[in-house]
There are 2 protein chains.
Amino acid sequence: MSNYQEILQNNNLKATHQRIAILEAIDHAGHIDVDKLFKNLRKHFPTLALGTMYRNLSEMSDKHILLEVTLPGQKVKYELKKEPHIHLVCNGCGKIEDRTLDIEDKIKECEEENDFTVLDSNIVFTGLCQKCQDQKKV
Amino acid sequence: MSNYQEILQNNNLKATHQRIAILEAIDHAGHIDVDKLFKNLRKHFPTLALGTMYRNLSEMSDKHILLEVTLPGQKVKYELKKEPHIHLVCNGCGKIEDRTLDIEDKIKECEEENDFTVLDSNIVFTGLCQKCQDQKKV
DNA sequence: AACTTAAATAGGAATTATTCTTATTTGAAA
DNA sequence: TTTCAAATAAGAATAATTCCTATTTAAGTT
(Lines give C-alpha, C1' and ligand atoms only; values in the text may rest on other atoms or scores of the structure.)
Protein backbone atom coordinates (compact mmCIF):
# COMPACT_ATOMS: atom_id res chain seq x y z
CA MET A 1 0.00 0.00 0.00
CA SER A 2 1.58 3.23 -1.13
CA ASN A 3 2.08 6.04 1.26
CA TYR A 4 -0.32 8.23 -0.68
CA GLN A 5 -2.99 5.57 -0.65
CA GLU A 6 -2.67 5.37 3.09
CA ILE A 7 -2.83 9.13 3.52
CA LEU A 8 -5.99 9.31 1.44
CA GLN A 9 -7.73 6.46 3.17
CA ASN A 10 -6.87 7.83 6.58
CA ASN A 11 -8.81 10.88 5.50
CA ASN A 12 -11.81 8.98 4.18
CA LEU A 13 -10.95 9.68 0.60
CA LYS A 14 -10.89 6.93 -2.02
CA ALA A 15 -7.41 6.31 -3.33
CA THR A 16 -8.17 7.08 -6.95
CA HIS A 17 -5.49 7.11 -9.64
CA GLN A 18 -6.12 10.79 -10.08
CA ARG A 19 -5.58 11.67 -6.44
CA ILE A 20 -2.47 9.57 -6.15
CA ALA A 21 -1.06 11.11 -9.31
CA ILE A 22 -1.77 14.58 -7.96
CA LEU A 23 -0.03 13.82 -4.69
CA GLU A 24 2.96 12.28 -6.46
CA ALA A 25 3.31 15.26 -8.74
CA ILE A 26 3.08 17.77 -5.92
CA ASP A 27 5.54 15.81 -3.82
CA HIS A 28 7.94 15.66 -6.73
CA ALA A 29 7.63 19.37 -7.54
CA GLY A 30 7.76 20.58 -3.96
CA HIS A 31 5.62 23.65 -4.64
CA ILE A 32 3.50 23.86 -7.75
CA ASP A 33 0.52 25.83 -9.05
CA VAL A 34 -2.68 24.50 -10.61
CA ASP A 35 -1.65 25.14 -14.20
CA LYS A 36 1.77 23.55 -14.08
CA LEU A 37 0.38 20.65 -12.13
CA PHE A 38 -2.35 20.09 -14.67
CA LYS A 39 0.03 20.26 -17.60
CA ASN A 40 2.43 17.83 -15.96
CA LEU A 41 -0.26 15.36 -15.10
CA ARG A 42 -1.93 15.52 -18.50
CA LYS A 43 1.20 14.15 -20.14
CA HIS A 44 0.80 10.82 -18.45
CA PHE A 45 -2.91 11.11 -17.75
CA PRO A 46 -4.65 12.56 -20.81
CA THR A 47 -8.19 12.24 -19.57
CA LEU A 48 -7.67 14.05 -16.30
CA ALA A 49 -10.24 16.82 -16.02
CA LEU A 50 -9.44 20.26 -14.72
CA GLY A 51 -12.49 20.11 -12.50
CA THR A 52 -11.10 17.00 -10.88
CA MET A 53 -7.91 18.89 -10.12
CA TYR A 54 -9.65 21.82 -8.54
CA ARG A 55 -12.01 19.63 -6.58
CA ASN A 56 -9.22 17.49 -5.23
CA LEU A 57 -6.83 20.28 -4.45
CA SER A 58 -9.60 21.91 -2.50
CA GLU A 59 -10.69 18.73 -0.72
CA MET A 60 -7.19 17.67 0.15
CA SER A 61 -6.40 21.13 1.44
CA ASP A 62 -9.51 21.02 3.60
CA LYS A 63 -8.33 17.73 5.03
CA HIS A 64 -4.85 19.12 5.62
CA ILE A 65 -3.20 16.66 3.27
CA LEU A 66 -2.09 19.60 1.17
CA LEU A 67 -1.12 23.11 2.11
CA GLU A 68 -1.80 26.19 0.04
CA VAL A 69 1.24 28.41 -0.24
CA THR A 70 0.16 31.93 -1.06
CA LEU A 71 2.64 34.56 -2.09
CA PRO A 72 1.74 38.10 -3.18
CA GLY A 73 1.52 38.46 -6.93
CA GLN A 74 1.77 34.75 -7.57
CA LYS A 75 -0.67 31.94 -8.20
CA VAL A 76 -1.48 29.75 -5.25
CA LYS A 77 0.94 26.88 -4.97
CA TYR A 78 0.37 23.54 -3.30
CA GLU A 79 2.71 21.47 -1.20
CA LEU A 80 2.37 18.23 0.72
CA LYS A 81 1.73 18.83 4.39
CA LYS A 82 4.77 17.62 6.25
CA GLU A 83 6.66 18.91 9.26
CA PRO A 84 6.10 22.58 10.10
CA HIS A 85 8.53 24.81 8.25
CA ILE A 86 9.04 28.30 6.94
CA HIS A 87 9.51 29.33 3.32
CA LEU A 88 12.48 31.09 1.85
CA VAL A 89 11.58 32.69 -1.46
CA CYS A 90 14.38 33.96 -3.66
CA ASN A 91 13.67 37.19 -5.52
CA GLY A 92 16.34 36.25 -8.03
CA CYS A 93 15.50 32.78 -9.23
CA GLY A 94 12.06 32.46 -7.70
CA LYS A 95 12.84 29.23 -5.93
CA ILE A 96 10.86 28.38 -2.82
CA GLU A 97 12.70 26.42 -0.18
CA ASP A 98 11.47 24.80 3.01
CA ARG A 99 13.49 25.42 6.13
CA THR A 100 12.95 24.84 9.80
CA LEU A 101 13.11 27.72 12.23
CA ASP A 102 12.22 27.50 15.87
CA ILE A 103 9.83 30.31 16.68
CA GLU A 104 8.15 28.92 19.76
CA ASP A 105 9.51 31.78 21.84
CA LYS A 106 8.16 34.37 19.43
CA ILE A 107 4.78 32.71 19.36
CA LYS A 108 4.63 32.69 23.12
CA GLU A 109 5.66 36.33 23.20
CA CYS A 110 2.99 37.20 20.66
CA GLU A 111 0.32 35.27 22.54
CA GLU A 112 1.08 37.01 25.82
CA GLU A 113 1.34 40.49 24.41
CA ASN A 114 -1.85 40.28 22.42
CA ASP A 115 -4.04 37.88 24.35
CA PHE A 116 -4.27 35.75 21.23
CA THR A 117 -4.06 31.96 21.01
CA VAL A 118 -1.79 30.97 18.15
CA LEU A 119 -2.83 27.71 16.51
CA ASP A 120 -0.82 27.91 13.32
CA SER A 121 1.90 30.03 11.80
CA ASN A 122 2.90 30.93 8.31
CA ILE A 123 6.28 32.51 7.77
CA VAL A 124 7.83 33.60 4.52
CA PHE A 125 11.17 35.32 4.14
CA THR A 126 11.91 36.74 0.73
CA GLY A 127 15.38 37.71 -0.38
CA LEU A 128 18.32 36.17 -2.16
CA CYS A 129 19.53 32.60 -2.10
CA GLN A 130 23.22 31.85 -2.11
CA LYS A 131 23.44 31.47 -5.88
CA CYS A 132 21.66 34.73 -6.57
CA GLN A 133 23.74 36.58 -3.98
CA ASP A 134 26.87 35.41 -5.75
CA GLN A 135 25.61 36.45 -9.16
CA LYS A 136 25.03 39.98 -7.91
CA LYS A 137 28.64 40.22 -6.78
CA VAL A 138 30.07 39.34 -10.19
CA MET B 1 -2.36 68.54 -0.19
CA SER B 2 -3.79 65.35 1.21
CA ASN B 3 -1.53 62.64 2.40
CA TYR B 4 -2.70 60.31 -0.34
CA GLN B 5 -2.04 62.87 -3.03
CA GLU B 6 1.48 63.23 -1.76
CA ILE B 7 2.04 59.47 -1.66
CA LEU B 8 0.85 59.13 -5.23
CA GLN B 9 2.90 61.99 -6.59
CA ASN B 10 6.00 60.76 -4.83
CA ASN B 11 5.55 57.61 -6.87
CA ASN B 12 4.98 59.37 -10.18
CA LEU B 13 1.31 58.58 -10.23
CA LYS B 14 -1.30 61.20 -10.95
CA ALA B 15 -3.47 61.89 -7.96
CA THR B 16 -6.76 60.94 -9.59
CA HIS B 17 -10.03 60.91 -7.69
CA GLN B 18 -10.19 57.20 -8.28
CA ARG B 19 -6.82 56.48 -6.76
CA ILE B 20 -7.39 58.70 -3.77
CA ALA B 21 -10.76 57.08 -3.17
CA ILE B 22 -9.18 53.64 -3.37
CA LEU B 23 -6.49 54.57 -0.87
CA GLU B 24 -9.02 56.15 1.49
CA ALA B 25 -11.23 53.09 1.36
CA ILE B 26 -8.37 50.67 1.98
CA ASP B 27 -7.04 52.76 4.81
CA HIS B 28 -10.47 52.90 6.37
CA ALA B 29 -11.08 49.17 6.03
CA GLY B 30 -7.62 48.08 7.10
CA HIS B 31 -7.65 44.93 4.99
CA ILE B 32 -10.11 44.54 2.14
CA ASP B 33 -10.54 42.44 -0.99
CA VAL B 34 -11.26 43.61 -4.52
CA ASP B 35 -14.98 42.88 -4.42
CA LYS B 36 -15.77 44.59 -1.15
CA LEU B 37 -13.60 47.51 -2.11
CA PHE B 38 -15.38 47.90 -5.43
CA LYS B 39 -18.82 47.71 -3.87
CA ASN B 40 -17.89 50.26 -1.22
CA LEU B 41 -16.44 52.68 -3.73
CA ARG B 42 -19.30 52.34 -6.20
CA LYS B 43 -21.73 53.76 -3.64
CA HIS B 44 -20.08 57.14 -3.76
CA PHE B 45 -18.42 56.73 -7.15
CA PRO B 46 -20.90 55.12 -9.54
CA THR B 47 -18.78 55.36 -12.67
CA LEU B 48 -15.72 53.67 -11.26
CA ALA B 49 -14.72 50.84 -13.54
CA LEU B 50 -13.58 47.48 -12.28
CA GLY B 51 -10.65 47.60 -14.67
CA THR B 52 -9.53 50.83 -13.04
CA MET B 53 -9.58 49.07 -9.69
CA TYR B 54 -7.51 46.14 -10.83
CA ARG B 55 -5.06 48.33 -12.69
CA ASN B 56 -4.53 50.61 -9.75
CA LEU B 57 -4.33 47.92 -7.11
CA SER B 58 -1.69 46.28 -9.20
CA GLU B 59 0.23 49.48 -9.94
CA MET B 60 0.12 50.68 -6.38
CA SER B 61 1.27 47.28 -5.15
CA ASP B 62 4.16 47.39 -7.59
CA LYS B 63 5.13 50.76 -6.21
CA HIS B 64 4.84 49.49 -2.66
CA ILE B 65 2.09 51.91 -1.77
CA LEU B 66 -0.14 48.93 -1.11
CA LEU B 67 0.60 45.49 0.21
CA GLU B 68 -1.16 42.32 -0.88
CA VAL B 69 -2.16 40.18 2.06
CA THR B 70 -2.58 36.59 0.93
CA LEU B 71 -4.16 33.99 3.15
CA PRO B 72 -4.89 30.41 2.12
CA GLY B 73 -8.45 29.92 0.95
CA GLN B 74 -9.22 33.63 0.91
CA LYS B 75 -9.25 36.34 -1.68
CA VAL B 76 -6.25 38.61 -1.79
CA LYS B 77 -6.68 41.55 0.51
CA TYR B 78 -5.01 44.93 0.27
CA GLU B 79 -3.64 47.13 2.98
CA LEU B 80 -1.77 50.42 3.03
CA LYS B 81 1.94 49.94 3.38
CA LYS B 82 2.93 51.28 6.76
CA GLU B 83 5.37 50.14 9.41
CA PRO B 84 6.41 46.48 9.21
CA HIS B 85 4.06 44.25 11.16
CA ILE B 86 2.77 40.74 11.43
CA HIS B 87 -0.82 39.60 10.99
CA LEU B 88 -2.97 37.86 13.54
CA VAL B 89 -5.89 36.14 11.87
CA CYS B 90 -8.71 34.86 14.06
CA ASN B 91 -10.23 31.56 13.00
CA GLY B 92 -13.36 32.45 14.92
CA CYS B 93 -14.40 35.87 13.69
CA GLY B 94 -12.04 36.15 10.74
CA LYS B 95 -10.63 39.47 11.83
CA ILE B 96 -7.14 40.37 10.69
CA GLU B 97 -5.10 42.47 13.07
CA ASP B 98 -1.75 44.17 12.63
CA ARG B 99 0.76 43.69 15.42
CA THR B 100 4.43 44.38 15.83
CA LEU B 101 6.81 41.58 16.71
CA ASP B 102 10.56 41.91 16.78
CA ILE B 103 12.03 39.08 14.77
CA GLU B 104 15.40 40.53 13.90
CA ASP B 105 17.15 37.77 15.82
CA LYS B 106 15.22 35.07 13.98
CA ILE B 107 15.97 36.64 10.65
CA LYS B 108 19.65 36.78 11.48
CA GLU B 109 19.55 33.16 12.61
CA CYS B 110 17.82 32.14 9.41
CA GLU B 111 20.26 34.07 7.24
CA GLU B 112 23.27 32.47 8.89
CA GLU B 113 21.97 28.94 8.90
CA ASN B 114 20.85 29.01 5.28
CA ASP B 115 23.21 31.43 3.59
CA PHE B 116 20.18 33.42 2.51
CA THR B 117 19.82 37.21 2.51
CA VAL B 118 16.45 38.17 3.94
CA LEU B 119 15.04 41.34 2.39
CA ASP B 120 11.45 41.08 3.53
CA SER B 121 9.35 38.99 5.85
CA ASN B 122 5.75 37.98 5.94
CA ILE B 123 4.40 36.47 9.12
CA VAL B 124 0.87 35.33 9.81
CA PHE B 125 -0.31 33.69 12.99
CA THR B 126 -3.75 32.17 12.89
CA GLY B 127 -5.67 31.27 16.00
CA LEU B 128 -8.21 32.79 18.33
CA CYS B 129 -8.56 36.40 19.39
CA GLN B 130 -9.54 37.26 22.92
CA LYS B 131 -13.23 37.51 22.15
CA CYS B 132 -13.36 34.18 20.39
CA GLN B 133 -11.36 32.47 23.12
CA ASP B 134 -13.89 33.67 25.66
CA GLN B 135 -16.84 32.49 23.61
CA LYS B 136 -15.40 28.98 23.48
CA LYS B 137 -15.22 28.88 27.26
CA VAL B 138 -18.91 29.68 27.80
C1' DA C 1 -7.38 81.24 -16.28
C1' DA C 2 -7.03 78.93 -20.58
C1' DC C 3 -3.86 75.63 -23.25
C1' DT C 4 -1.50 71.33 -23.87
C1' DT C 5 -0.59 66.59 -23.56
C1' DA C 6 0.72 62.36 -21.50
C1' DA C 7 -1.54 59.60 -18.33
C1' DA C 8 -5.66 57.67 -16.74
C1' DT C 9 -10.46 56.37 -17.04
C1' DA C 10 -15.02 54.14 -18.47
C1' DG C 11 -17.13 50.79 -20.74
C1' DG C 12 -17.21 46.73 -22.70
C1' DA C 13 -15.04 42.84 -25.13
C1' DA C 14 -11.86 39.11 -24.56
C1' DT C 15 -9.52 36.02 -21.91
C1' DT C 16 -8.57 33.17 -18.02
C1' DA C 17 -9.84 30.90 -13.77
C1' DT C 18 -13.03 28.34 -11.13
C1' DT C 19 -17.24 26.04 -10.09
C1' DC C 20 -21.22 23.41 -11.32
C1' DT C 21 -24.01 19.69 -13.63
C1' DT C 22 -24.79 15.12 -15.03
C1' DA C 23 -24.11 10.75 -17.16
C1' DT C 24 -20.64 7.29 -16.57
C1' DT C 25 -17.00 4.92 -14.14
C1' DT C 26 -14.58 2.99 -10.22
C1' DG C 27 -12.65 1.88 -5.53
C1' DA C 28 -13.34 -0.93 -1.98
C1' DA C 29 -16.53 -3.18 1.21
C1' DA C 30 -19.45 -7.18 1.57
C1' DT D 1 -18.24 -10.98 -8.15
C1' DT D 2 -21.52 -7.92 -6.87
C1' DT D 3 -22.93 -3.59 -5.09
C1' DC D 4 -23.16 1.22 -4.61
C1' DA D 5 -21.60 5.52 -2.74
C1' DA D 6 -18.05 8.23 -4.18
C1' DA D 7 -15.45 10.09 -7.83
C1' DT D 8 -14.58 11.25 -12.58
C1' DA D 9 -14.81 13.35 -17.45
C1' DA D 10 -16.63 16.54 -20.24
C1' DG D 11 -18.37 20.53 -20.98
C1' DA D 12 -21.56 24.33 -19.65
C1' DA D 13 -21.97 28.16 -16.56
C1' DT D 14 -20.13 31.53 -13.77
C1' DA D 15 -16.59 34.45 -11.82
C1' DA D 16 -12.28 36.86 -11.99
C1' DT D 17 -8.99 39.42 -14.48
C1' DT D 18 -6.96 41.61 -18.39
C1' DC D 19 -7.17 44.03 -22.62
C1' DC D 20 -8.71 47.61 -26.00
C1' DT D 21 -9.93 52.17 -27.34
C1' DA D 22 -12.35 56.47 -27.48
C1' DT D 23 -12.83 60.00 -24.12
C1' DT D 24 -11.52 62.53 -20.06
C1' DT D 25 -8.43 64.61 -16.75
C1' DA D 26 -4.38 66.02 -13.83
C1' DA D 27 -1.04 69.01 -13.75
C1' DG D 28 2.58 71.52 -15.98
C1' DT D 29 3.00 75.69 -19.09
C1' DT D 30 1.84 79.92 -20.96
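Every chain is numbered from 1, with letters handed out A, B, ... down the list of sequences. Bear in mind that the values here come from a model prediction, so they are computed numbers and not experimental data.
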It should be established whether [X] places a side-chain nitrogen or oxygen under 4.0 Å from OP1 or OP2 of nucleotide [N].
| X | N | value |
| --- | --- | --- |
| B/T16 | D/dA26 | no |
| B/Q9 | D/dA26 | no |
| B/Q18 | D/dA26 | no |
| B/Q5 | D/dA27 | yes |
| A/N12 | D/dA6 | no |
| A/K75 | C/dA17 | yes |
| B/Y54 | D/dT18 | no |

Do A/E109 and A/K106 sit within salt-bridge range, that is, some charged N less than 4.0 Å from a carboxylate O?
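Yes, this pair counts.
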
When you check the gap from the basic side-chain N to the acidic O, do A/R19 and A/E59 get nearer than 4.0 Å?
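Yes.
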
Just checking B/L48: base, sugar-phosphate only, or nothing, at a heavy-atom cut-off of under 4.0 Å?
sugar-phosphate

Indicate, with a heavy-atom threshold strictly under 4.0 Å, whether A/R55 touches base, sugar-phosphate, or nothing.
base

Whether the B/Q18 and B/T52 side chains hold a donor-acceptor pair (N or O, under 3.5 Å, no angle test) is what I'd like checked.
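Looking only at side-chain atoms, B/T52 and B/Q18 do not form any donor-acceptor pair under 3.5 Å.
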
Pairing donors with acceptors under 3.5 angstrom, does anything connect the side chains of B/H31 and B/D98?
yes

Starting at atom [atom1] of [X], determine the distance to atom [atom2] of [N], rounded to an integer number of angstrom.
| X | N | atom1 | atom2 | value |
| --- | --- | --- | --- | --- |
| A/K77 | C/dA17 | NZ | P | 13 Å |
| B/I20 | C/dA8 | CD1 | P | 13 Å |
| B/N11 | C/dA7 | CG | C1' | 15 Å |
| A/E6 | C/dG27 | CD | C1' | 17 Å |
| A/L50 | D/dA12 | CG | C1' | 14 Å |
| B/H17 | D/dA26 | NE2 | P | 5 Å |
| B/N10 | D/dA26 | CG | P | 18 Å |
| A/L8 | D/dT8 | CG | P | 10 Å |

Taking for A/N56 and for B/G51 the nucleotide of DNA chain D with the nearest heavy atom, the one nearer the 5' end belongs to A/N56

Between A/R19 and B/A15, just flag the one whose closest nucleotide in DNA chain D comes earlier from the 5' side.
A/R19

Where do B/L101 and B/F125 come nearest, in terms of heavy atoms and distance?
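Here B/L101 and B/F125 meet closest at CD2-CE1, 3.9 Å.
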
C/dG11, C/dA17, D/dA9: which one has an atom nearest the side-chain heavy atoms of B/A49?
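That would be C/dG11.
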
Proximity to the side chain of A/T47 - top-ranked nucleotide from D/dA10, D/dT8, D/dA7
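The listed nucleotide nearest to A/T47's side chain is D/dA10.
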
Going through the checks in order, is the side chain to side chain donor-acceptor pair (under 3.5 Å) test met by B/E79 and B/H85?
CA-CA 12 Å; B/E79 68 178 12; B/H85 58 267; 3.1 Å; yes

